[in-house]
Amino acid sequence: MTLSHLFDLSLLARRDVPALEWQGQTWTFGEIDARSNRLAHLFLHLGLAAGDRLCVYLANCPALIDIYLACVKTGIIFVPINILYREREIVHIVGDAEPRLIVTRAEMPALSAPLHTPEDLVLQAENMPAGRPPGPIDGDTPAALVYTSGTTGVSKGAILTHNNLAANAINLAVCWQITHQDRMLLGLPLFHVHALGNGLHTWLAAGYRMRLLERFEHRRAAAEFEQFQPTLFFGVPTVYVRLLDTPPAAAARMAARMRLFVSGSAPLPPQVLDDFRDLFGHTILERYGMTETLMNISNPYAGERRPGTVGFPLPGISMRIVNAQGTEVTTGEQGEIELRGPNVFAGYWRRPDATEAAFRNGWFRTGDVASRAADGYVTLHGRKSDLIISGGFNIYPREIEEFLLEQDGVAEAAVVGVPDSLRGEVPVAYLVTPDPLDEHRLEQACRASLASFKVPRAFIRVDALPRTALGKVQKHLLPPPGKS
Ligand code: MLC
Ligand code: AMP
């Protein structure tokens, strides 16, 4: 079965049921089905075919969902771009994915594919048939290319197939007991697999009612919860840290119908889990995933949700923890997580070398370091690479370092993540420059070219970067910010 068949459990079987709320409007599953059918016909009419790529650079909105469904129904590959990305990052993705069409409301640099706004597409689609388009697709057909910095180099497109996304949705629906009786408040961005793979796919597989937000804004969160009364909520740790500011009476009203809060994409500090339980009366369920694999490991819905751990591998997913030689470690010992299963992606788009390097004898090498307790609970200890995760967004230091080296007077650059109580980590830059630093100019330059979460929170001038005899920068020897 394809995702289309899975979604028909809602789109067809629950066609008259309210499905989606957005800024005061509500649509049924049947209306969403018809709208995406029309768009699918329009894409075919515009000359797109199965296997072609379509990029979207949009904040959360219903059109993003319609476009995704139109892609799923036709075999066109959906390529979401982070709305916080700037020209340099967008140009890279568009150059790599070579889309036939780009959908955006933003001003864009000169790109190789025609641009459409969603409004323009909807208008054009009005005269298209509302029935299903022909779709010669199967489970191995790529559904989405999601760009991720991965463990090395520039961002690469992870090819996620219908089977990958279906396996993930079915696992979560069963293991987290998600049904049509749920109500989901979704504020995470649909351009990442957290909201796309977990949010959108469980919604359409289970057929619950979803209120979509353009983004999670902590000042508006209490009002949205109180008004909509969700039962289900997905967040990154920063979201839960933000919610800890809620006054107790409001927290009680927000959680009145809540059944399950889930956290993932970055480590949830055990203290946050405890404080959240005291305030909201719910134990957050923490799980672990990746763009390349969707969800891998989850705390149990029934049973102990153990703070600081991510629980057990989900059904159908094999996990091993190995040392540098690829030998499995013993209980309690740390090693790299390797995975196999129907959730593991089909490879990086047009990067056979990177794909080959990502696997060892058929096992996907996650780059995440973990240990397993005698009773099976898995604890993550960090990553093998120097990836920074800030507010659930990934930052690959080399990308920022390369940008800083292009700036006048910067001879050497090293970017590291420093702990931050709200965002988990934030990037800080260490620079070797002949002249005193103009921090303001550097920050402005970064803001103009990089997503806001990648802009270093401090620029620190050092005489030299500490290096090994082989010249590799030893980032752990850099002075902490404020002590240079
Ligand atoms: C953040 N910003 C956004 C934004 N999110 N702008 C537009 N749309 C969004 N969705 C910008 C703000 O403009 C601001 O920029 C800065 O980020 C901080 O904003 P804030 O209001 O202070 O937000 P904050 O309370 O810190 O919350 C941010 C957040 C956001 C947690 C809501 O970071 C977020 O949505 N993170 C989720 C990322 C995610 O979904 N990751 C999953 C990856 S998949 P400025 O210019 O003022 O600094 C994955 C696999 C897995 O990892 O396991 O799930
Ligand atoms: P991404 O490349 O954006 O898909 O991010 C995936 C990475 O997020 C994983 O490789 C982990 O390092 C991290 N991650 C996801 N969930 C968790 C979690 N619950 N705890 C710690 N790290 C996590």
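Atoms within a ligand are numbered from 1 in the order they appear, just like the ligands themselves. On a predicted model such as this, the values are computed, not experimentally measured, just so you know. Throughout, residue positions are numbered sequentially from 1 according to the sequence presented.
- No hydrogens or angles considered: a donor-acceptor pair under 3.5 Å links the side chains of Ser265 and His194.
- Assignment of Pro189 to the shell around ligand 1 is supported, since a heavy atom sits closer than 4.0 Å.
- For the pair Tyr147/Val79, a side-chain contact is recorded, criterion being any heavy-atom separation below 4.5 Å from C-beta on.
- When atom types are taken as modelled, the side chain of Glu336 and the backbone of Gly367 share a donor-acceptor pair closer than 3.5 angstrom.
- Scanning the protein heavy atoms around atom 27 (O) of ligand 1, the nearest turns out to be Thr238 CG2, 4.1 Å.
- Between Arg447 and ligand 1 there is a heavy-atom distance shorter than 4.0 Å.
- Shortest contact from atom 7 (C) of ligand 1 to any protein heavy atom: Leu84 CD2, 3.7 Å.
- For ligand 1, the polar-atom distance check finds no N/O of His192 at less than 3.5 Å from any of the ligand's N/O atoms.
- Considering both main-chain and side-chain atoms, Ser265 comes within under 3.5 Å of ligand 1 through a nitrogen or oxygen pair.
- For the ligand labelled ligand 1, residue Phe393 lies inside the 4.0 Å heavy-atom shell.
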From CA spacing to verdict: salt bridge (Lys or Arg N to Asp or Glu O under 4.0 Å), Arg105, Glu119: CA-CA 9 Å; Arg105 297 189 177 97; Glu119 290 71 23; 2.9 Å; yes
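- Counting heavy atoms closer than 4.0 Å to ligand 2, residue Ser263 contributes nothing at all.
- Atom 12 (C) of ligand 1 has its closest protein heavy atom at Arg215 NH1, 3.7 Å.
- Within a 4.0 Å radius of atom 42 (C) of ligand 1, the protein contributes one or more non-hydrogen atoms.
- Stacking of Arg220 on the aromatic ring of Phe216 is not recorded, the 6.0 Å distance cut-off and the 45° axial limit not both being met.
- Val322 places none of its side-chain heavy atoms less than 4.5 Å from the side chain of Thr327.
- Contact between Arg287 and ligand 1 is present, with at least one heavy atom of the residue lying under 4.0 Å from the ligand.
- Every N/O-N/O distance between Val239 and ligand 1 stays at or above 3.5 Å.
- Between Glu356 and Arg365 there is no salt bridge, since no side-chain N of the basic residue sits under 4.0 Å from a carboxylate O of the acidic one.
- At least one heavy atom of Thr148 sits closer than 4.0 Å to an atom of ligand 2.
- Counting heavy atoms from C-beta outward, Asn163 and Asp140 have side chains that approach closer than 4.5 Å.
- Among all protein heavy atoms, the one lying closest to atom 14 (C) of ligand 1 is Ser452 OG, 4.4 Å.
- Within the 4.0 Å heavy-atom criterion, neither part of His192 lies near ligand 2.
- For Leu387, no heavy-atom contact with ligand 2 is shorter than 4.0 Å.
- Heavy-atom contacts of Pro267 reach the following atoms of ligand 2: 20 (N), 21 (C), 22 (N) (cutoff under 4.0 Å).
- Under the 4.0 angstrom criterion, atom 21 (O) of ligand 1 counts as having a protein heavy-atom contact.
- Using a non-hydrogen distance threshold of 4.0 Å, Glu292 does not register as a contact of ligand 2.
- For the pair Asp274 and Arg277, the salt-bridge criterion is met [side-chain N within less than 4.0 Å of a carboxylate O].
- Near Arg423, meaning under 4.0 Å from any of its heavy atoms, are these atoms of ligand 1: 18 (C), 20 (P), 22 (O), 24 (P), 26 (O).
- Between Gly391 and ligand 1, a contact under 3.5 Å exists for at least one N or O pair.
- Between Phe276 and Phe280, the ring-plane angle classifies as parallel under the 30° and 60° cut-offs.
- Some N or O of Gly392 is nearer than 3.5 Å to an N or O of ligand 1, by distance alone.
- Checked for salt-bridge contact, Asp182 and Arg209 miss the test: no charged N lies under 4.0 Å from a carboxylate O.
- Using a cutoff of 4.0 Å between basic side-chain nitrogens and carboxylate oxygens, Glu98 and Arg350 are scored as salt-bridged.
- Of the N or O atoms in Arg242, one or more lie within a sub-3.5 Å distance of an N or O in ligand 1.
- Judged by the 6.0 Å distance and 45° axis criteria, Arg320 is positioned over the aromatic ring of Trp363.
- Less than 4.0 angstrom separates some heavy atom of His194 from each of these atoms of ligand 1: 42 (C), 44 (S), 54 (O).
- Those atoms of ligand 2 with a heavy atom of Met290 less than 4.0 angstrom away are 4 (O), 6 (C), 9 (C), 10 (O).
- Applying the 4.0 Å criterion to heavy atoms of Val193 picks out, from ligand 1, the atoms 44 (S), 50 (C).
- No part of Val193 comes within 4.0 Å of ligand 2, judged by heavy-atom distances.
- Remark: Arg183 qualifies as a cation-pi partner of Phe228 under the 6.0 Å distance and 45° angle criteria applied to the six-membered ring.
- Under the 6.0 Å distance and 45° angle rule, Lys454 does not count as a cation-pi partner of Phe403.
- Residues Leu200 and Trp203 meet the side-chain proximity criterion, which asks for heavy atoms closer than 4.5 Å.
- Near Val310, meaning under 4.0 Å from one of its heavy atoms, ligand 2 places the atoms 19 (N).
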